[in-house]
Amino acid sequence: MMRTGYACLAVGVPGSEMKSCLQKNASETRLLELIGNNLDALEKIILYNIHNHILLFRISSDLIPFGSSLSYTLPWPEVYMEKLSRIGQLIRSSGMRVSMHPGQYTVLNSLSDPVVERAILDLKYHAKVLDSLGLGPEHKLILHLGGAYGNKPAARKRFLINYARLDSFVQRRLVLENDDKIFHIRDVLETASQASIPVVFDNLHNFVNPADKDVTESEWISLCSQTWKPEDGPQKIHYAQQNPLRKSGSHSETILIDPFLEFCNQIRRSDLDIMLEVKDKNVSAIKCSICLSPSRPEIHLLEEEWARYKYNILEHSSSEYLSIRQLFRNKDTCTSLDMYHFVEAALQKPVSTGSAVNAAEHVWGYFKNKASEAEKRRFQKLLQNYQLGSSPLESVKTNLSRLALKYQEDYLLCGYYFHLYKGGIL
DNA sequence: TGACGTCAAGATCCG
DNA sequence: CGGATCTTGACGTCA
């Protein structure tokens with residue numbers, strides 16, 4: 001079984017936002033309040049993932065604000081034991097695999113002792129989250145090797161020395177990933193093999209920072225597979241596509257389905273976990289997982305997807321909108337790939353004023369009978385200003401988004417219209 | 001010293 | 001007053 005997943009946050013999942021605060025406002029009471037909120041948010045995301053058959057997910061490091069410093073001694077695992085065990089139960093019983101990924105500022109091989117000490121505490125914090133959910137060692141912590149400091153061999157050696165200092169409850173979860181600047185996949189494989197650490201291959205990092213251009217992605221993945229022991233669970237990789245408008249190594253807005261499926265065909269593997277690193281998060285994860293599912297996806301999942309995309313498509317192109325509607329007329333032959341081809345084609349088209357107004361008016365239809373006179377005037381005014389070119393489309397959409405929140409229009413709040421592709425998908 | 005990346009909090013401005 | 005928009009924070013390395 002191939003699992004495809006996404007990292008940290010989900011668009012169109014009301015109440016799933018992580019909250020934080022500035023360090024200076026971080027009292028114990030405030031922190032515990034935020035942690036309670038964040039655990040509830042996490043539960044909503046997990047339930048959303050289960051509903052959408054997404055069985056791979058990275059939990060945000062922001063779950064416990066200042067979890068490696070201020071909150072480190074807070075008794076959150078005890079205070080929130082019930083919430084934690086309920087979430088852990090959902091993860092285990094659904095067969096979901098989760099992970100965490102300390103950021104680029106957790107540097108275990110630093111030349112500075114205080115930085116190393118903080119890295120160790122940070123790793124302990126992350127492992128503690130997974131432990132508190134009652135999850136086994138196949139739920140991993142992903143880390144980069146760290147800095148080079150002008151001497152890669154010495155920097156790699158320092159990593160191994162400091163790795164040896166980690167508690168076993170951290171070590172058993174730790175996996176190493178190749179990065180886009182310093183340590184390429186061969187560096188990582190060589191270092192990891194000396195401590196039996198599993199290796200995550202990241203295709204975009206490898207493209208930007210290759211170890212050997214003659215070795216294919218497929219070959220690196222198969223070399224990495226040897227680092228995964230049975231207790232580590234199935235091999236994991238990271239998959240990303242280049243954002244064509246941004247600098248080399250930047251993640252794309254969305255995963256284009258054809259190159260993704262081509263990648264999967266190339267690697268010829270059916271037992272791999274693929275973590276997508278992409279701006280639109282859950283949106284791409286659902287697309288990829290539906291298109292990869294060996295049996296025909298349940299048609300209702302595809303129909304729910306259509307419902308979420310509907311007004312984005314209308315905003316870009318009425319011809320694809322009609323094509324997709326036509327597709328659903330015959331549910332026996334309607335394939336997910338066909339739908340996503342239309343979706344991507346539409347989203348790649350520029351937004352014309354006419355189609356944007358059309359979409360906005362469709363969305364306005366949810367409110368026109370319950371909106372106040374002031375709200376009606378405000379919407380008409382904003383729409384008019386947009387048509388005259390004196391204000392941006394964004395102000396119309398933010399206004400509609402506010403109304404959706406006020407009138408609790410879940411259909412709109414759970415859709416993609418308010419959330420996606422402010423700068424286009426290409 | 002600023003760029004890098006990432007998100008939301010906080011601050012400020014505006015009608 | 002509420003809402004929109006701008007700036008800051010938190011992290012460590014490296015040019």
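Letters go in sequence order (proteins before strands), and every chain restarts at 1. Values below: every heavy atom of this structure, side chains too, minus hydrogens, waters and symmetry copies.
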Inset, instruction - Would you classify Gln23(A) as touching base, sugar-phosphate or nothing, given that sugar-phosphate means primed atoms plus P, OP1 and OP2, and contacts are heavy atoms under 4.0 Å? - result: sugar-phosphate
Inset, instruction - Consider only side-chain N and O atoms of Gln348(A) and His316(A), and report whether a donor and an acceptor are under 3.5 Å apart. - result: no
Legend entry - 5′-ward residue of the pair Pro392(A)/Pro114(A) relative to DNA chain C: Pro392(A)
Inset, instruction - May I ask you to verify if any side-chain N or O of Lys247(A) is less than 4.0 angstrom from the OP1 or OP2 atom of dA3(B)? - result: no
Inset, instruction - Would you mind classifying the nucleic acid contact of Gly147(A) as base, sugar-phosphate or nothing, using non-hydrogen atoms under 4.0 angstrom? - result: sugar-phosphate
Inset, instruction - Give the nucleotide from the list dA10(C), dT6(B), dC14(C) with an atom nearest to the side chain of His251(A). - result: dT6(B)
Inset, instruction - Return the value, rounded to whole Å, for the distance between atom CG of Leu403(A) and atom P of dG2(C). - result: 16 Å
Legend entry - Under 4.0 angstrom between Asn25(A) side-chain N/O and dG10(B) OP1 or OP2: yes
Legend entry - Glu375(A) and Tyr407(A): side chain donor to acceptor below 3.5 Å: yes
Inset, instruction - Scan Ser110(A) against the nucleic acid and name what it touches under 4.0 Å (heavy atoms): base, sugar-phosphate only, or nothing. - result: sugar-phosphate
Inset, instruction - Pick out which of Arg97(A), Lys236(A), Lys140(A) makes a salt bridge (Lys or Arg N to Asp or Glu O under 4.0 Å) with Asp273(A). - result: Arg97(A)
Legend entry - Asp62(A) and Ser20(A) side chains, donor-acceptor separation under 3.5 Å: no
Inset, instruction - Establish, with yes or no, whether the OP1 or OP2 oxygen of dG12(C) is under 4.0 angstrom from a side-chain nitrogen or oxygen of Arg118(A). - result: yes
Inset, instruction - Side chain of Leu22(A) only, please: which of dC7(B), dA10(C), dC14(C) is the nearest? - result: dA10(C)
Legend entry - Integer-rounded Å distance: dA8(B) P and His419(A) NE2: 12 Å
Legend entry - Atom-pair distance (CG on Asn399(A); P on dG3(C)), nearest Å: 10 Å
Inset, instruction - Look at all strands and tell whether Leu108(A) reaches a base, only sugar-phosphate, or nothing, counting heavy atoms closer than 4.0 Å. - result: nothing
Inset, instruction - Give the nucleotide from the list dC14(C), dA9(B), dC7(B) with an atom nearest to the side chain of Lys19(A). - result: dA9(B)
Legend entry - Nearest-angstrom distance from the residue atom CG of Asp62(A) to P of dC11(C): 13 Å
Inset, instruction - Give a yes/no answer on whether the side chain of Tyr105(A) brings an N or O atom under 4.0 Å of OP1 or OP2 in dT13(C). - result: no
Legend entry - Value in whole Å for how far the P atom of dG10(B) lies from CG of Leu34(A): 9 Å
Inset, instruction - Look at the side chain of Ser390(A) and the backbone N and O of Asn385(A), then say whether any donor-acceptor pair between them is shorter than 3.5 Å. - result: yes
Inset, instruction - Assess the side chains of Ser168(A) and Gln171(A): does a donor N or O sit below 3.5 Å from an acceptor N or O? - result: no
Inset, instruction - May I ask you to say what Lys181(A) touches in the nucleic acid, namely base, sugar-phosphate or nothing, with a heavy-atom cut-off under 4.0 Å? - result: nothing
Inset, instruction - Using distance alone, with no hydrogens and no angle criterion, decide if Ser222(A) and Glu219(A) have a side-chain donor and acceptor under 3.5 Å apart. - result: no
Legend entry - Residue-phosphate contact under 4.0 Å: Thr106(A) side-chain N/O, dG12(C) OP1/OP2: no
Inset, instruction - Could you list by number each residue of residues 361-384 of chain A showing a heavy-atom separation from DNA chain B of less than 4.0 Å, or answer none if no residue does? - result: none
Legend entry - Separation of atom NE2 in His205(A) from atom P in dC4(B), rounded to whole Å: 16 Å
Inset, instruction - Using whole Å, report how far NZ of Lys397(A) lies from C1' of dA4(C). - result: 17 Å
Legend entry - Between dC11(C) (P) and Asp122(A) (CG): distance, integer Å: 11 Å
Inset, instruction - Calculate, to the nearest 0.5 Å, the distance between atoms CZ and CD belonging to Arg308(A) and Glu303(A) respectively. - result: 12.0 Å
